[in-house]
K.L.:
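One structure, pasted below without further comment.
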Protein chains: 2
Amino acid sequence: MAQTKLSVRQEDMLTFITNFISQNSYPPTIREIGKACHITSTSVVNYNLNKLEEEGYISRMLRVSRGIQLGKNQASALVQIPLVGRIFASEPVSFPEASVSYAPDETINLTQDLVGDGKKMFALEVRGDSMIDAMINEGDYVIMKQQARVNNGDLAAIWLIDSEETTLKYFYLENDKVRLQPANPTMDAIYVDPSTVRIQGKVMLIFRQISARKTVSVIPNN
Amino acid sequence: MAQTKLSVRQEDMLTFITNFISQNSYPPTIREIGKACHITSTSVVNYNLNKLEEEGYISRMLRVSRGIQLGKNQASALVQIPLVGRIFASEPVSFPEASVSYAPDETINLTQDLVGDGKKMFALEVRGDSMIDAMINEGDYVIMKQQARVNNGDLAAIWLIDSEETTLKYFYLENDKVRLQPANPTMDAIYVDPSTVRIQGKVMLIFRQISARKTVSVIPNN
DNA sequence: ATAATATCAGAACAAGTGTTCCGTGTCAAG
DNA sequence: CTTGACACGGAACACTTGTTCTGATATTAT
């Protein structure tokens, strides 16, 4: 609460605890903390742990081994988002069924500070290069939230009824006309009638994984 | 491995362990499991825990209190990547210092299945629209791994000595010439001499957060 | 039926673990 | 200088906790 400055020792302990939990998925003991932070006495570790708890950085469970919880990590709780398919420009977005089957290989894990609570959300893999005007490559993943309305300025998945295609553009309703603004600033917006578009969802996050995807002609350099 | 069917008791234990961890963020002890699952003997809990480990549902740390890890969660272990600054086209990438200080507001949490172990990695926020040829917007986040060498086909941060600018391009070494391929397929590659480039790191992940960023001229719709 | 295996219960042990007490040194305020 | 708050180190204590041993009961195979 007081949010005063942490001592170097306390900061050292906090980073160790954080790393330890992320590596082992269970918290360290007092003696493990002391050994890692070069503190010989368990009472000193206990003393500084109480300081950290007073400042709100951690929570402690009395008399419980490894009973340390990171206060800040509540914001980084995991959400599991199902990967339900692919998105083509030539098709409407295929929404998943209500039942969320548990398929670990087709699940994308993200933290809540990036995408929120993950309700009604799903992931799509982008196929084709028709999303270039939205600055989206083939192979990118789009995290979407299914909803029929979006606010002005949201990046939305929109089904264009006339031309029968799905596009991702920033949505603006202006004077009874819908302005669809490409994410690429070098491209122009298009104006359409609201009755010719159907909002399918709102894009929450886009990410692109680089590693080991373009494994072509690998020649190590000097 | 064998993936046989779990007994009711083992299934009961597994659900309790899962719920306990999600509630307390640390695993339960053997006796806590026994009490919750109506098992009076610690040896029986220990016996079934070994069964669960043989089937791959959990991992156990020998002689460690609360040393239980959920097998499924190993792929979604968290890595904390420090957000160390911004990346301009007109400057070399500013690398962080060796010491990783604990600054909670400037940390990006991702899962290991997306970015790997997170060693020597850091996050940069993209400023300016000069990365458009890499299909990267202003405001995007780039997760980079600091390394002086990359393999052919890696997306690399490259400092061009002559023109004094940083660029993100796919790297290919071909016949003593370096081919720098833009991510945007509509743009052409450039060929430069290896002595005129300096590899600063490899791009592991790019992501773009949409929510509440472009709050410009918001006019609510019907 | 008989043997073999799997599952279980109780108890005991050694090590792990949080807590507490006492003493020391530092440093700024009085 | 004295005082008090603060941080630290060492030690001891009591409880926790994983492990192991012995034996009993249930299930399955031969």
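Values reported hereafter were calculated over all heavy atoms of this structure, with side chains retained and with hydrogens, waters and symmetry mates removed.
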K.L.:
Contacts to DNA chain D from residues 29-38 of chain A, heavy-atom cutoff under 4.0 Å, which residues?
P.N.:
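Residues of residues 29-38 of chain A that come under 4.0 Å of DNA chain D do not exist, since none gets that close.
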
K.L.:
Are there any protein N/O atoms within less than 3.5 Å of an N/O atom in nucleotides 4-7 of chain C, and if so, which ones and at what distance?
P.N.:
unit_1	atom_1	unit_2	atom_2	d
C/dT7	OP2	B/Tyr47	OH	2.4
C/dT7	OP2	B/Lys51	NZ	3.3
C/dT7	O5'	B/Tyr47	OH	3.3

K.L.:
Might you point out which heavy atoms bring A/Val45 and A/Gly34 nearest each other, and give the distance in Å?
P.N.:
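For A/Val45 versus A/Gly34, the nearest heavy atoms are CG2-CA, 3.7 Å.
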
K.L.:
Taking all non-hydrogen atoms of both residues, which atom of B/Leu173 and which atom of B/Asn152 are closest, and how far apart?
P.N.:
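Closest heavy-atom pair between B/Leu173 and B/Asn152: N-OD1, 2.8 Å.
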
K.L.:
Checking B/Gln209 side chain against A/Leu114 main chain: does a donor-acceptor pair fall under 3.5 Å?
P.N.:
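Flag set: sc B/Gln209 to bb A/Leu114 pair under 3.5 Å.
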
K.L.:
Of all residues at least two apart in sequence or in a different chain, which pass the side chain to side chain donor-acceptor pair (under 3.5 Å) check with A/Ser59?
P.N.:
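A/Ser59 satisfies side chain to side chain donor-acceptor pair (under 3.5 Å) with no residue once adjacent residues are dropped.
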
K.L.:
What verdict does the side-chain contact (heavy atoms from CB on, under 4.5 Å) test give for A/Tyr170 and B/Ile210, after you've listed the backbone C-alpha separation in whole Å, the side-chain angles of each residue and the deciding distance to 0.1 Å?
P.N.:
CA-CA 10 Å; A/Tyr170 287 99; B/Ile210 309 292; 4.2 Å; yes

K.L.:
Could you walk me through whether B/Tyr26 and A/Met61 pass side-chain contact (heavy atoms from CB on, under 4.5 Å), step by step?
P.N.:
CA-CA 11 Å; B/Tyr26 53 80; A/Met61 303 290 289; 3.1 Å; yes

K.L.:
Polar pairs (N or O, both sides) under 3.5 Å between protein and nucleotides 21-29 of chain C?
P.N.:
none

K.L.:
What residues form a side-chain contact (heavy atoms from CB on, under 4.5 Å) with A/Ser41, not counting sequence neighbours?
P.N.:
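A/Ser41: side-chain contact (heavy atoms from CB on, under 4.5 Å) contacts with A/Ser43, A/Val44.
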
K.L.:
What pair of heavy atoms forms the shortest contact from A/Pro27 to B/Pro27, and how long is it?
P.N.:
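Where A/Pro27 meets B/Pro27 most closely, the heavy atoms are CD-CD, 4.3 Å.
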
K.L.:
Hey, which sits more toward the 5' end of DNA chain C by its nearest nucleotide, B/Ser65 or B/Thr42?
P.N.:
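Its nearest nucleotide being more 5', the pick is B/Thr42.
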
K.L.:
On DNA chain D, reading 5' to 3', which nucleotide is the first and which the last to sit with an atom under 4.0 Å from a heavy atom of chain B, could you check?
P.N.:
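Listed 5' to 3', the contact boundaries are D/dT17 to D/dC21.
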
K.L.:
Take B/Arg208 and A/Leu155 through the side-chain contact (heavy atoms from CB on, under 4.5 Å) test and state the conclusion after the steps.
P.N.:
CA-CA 11 Å; B/Arg208 181 180 311 155; A/Leu155 182 58; 5.8 Å; no

K.L.:
Using a cut-off of less than 4.0 Å, is there contact between a side-chain N or O of B/Arg63 and OP1 or OP2 of C/dA15?
P.N.:
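For B/Arg63, the contact criterion (side-chain N or O under 4.0 Å from OP1 or OP2 of C/dA15) is not met.
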
K.L.:
If I compare all heavy atoms of B/Glu32 with all of B/Phe20, which pair ends up nearest, and what's the gap?
P.N.:
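Minimum heavy-atom contact is OE1-CZ, 3.6 Å.
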
K.L.:
Check whether the side chains of B/Arg60 and B/Asn46 place a donor and an acceptor atom closer than 3.5 Å, and report yes or no.
P.N.:
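There is such a pair between these side chains.
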
K.L.:
Closest approach of A/Met144 and A/Leu124, non-hydrogen atoms and distance?
P.N.:
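In this case the closest contact between A/Met144 and A/Leu124 is SD-CD1, 4.0 Å.
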
K.L.:
At their closest point, which heavy atom of A/Ala123 faces which heavy atom of A/Ile108, and how far apart are they?
P.N.:
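Smallest interatomic distance, heavy atoms only, reads CB-CD1, 3.7 Å.
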
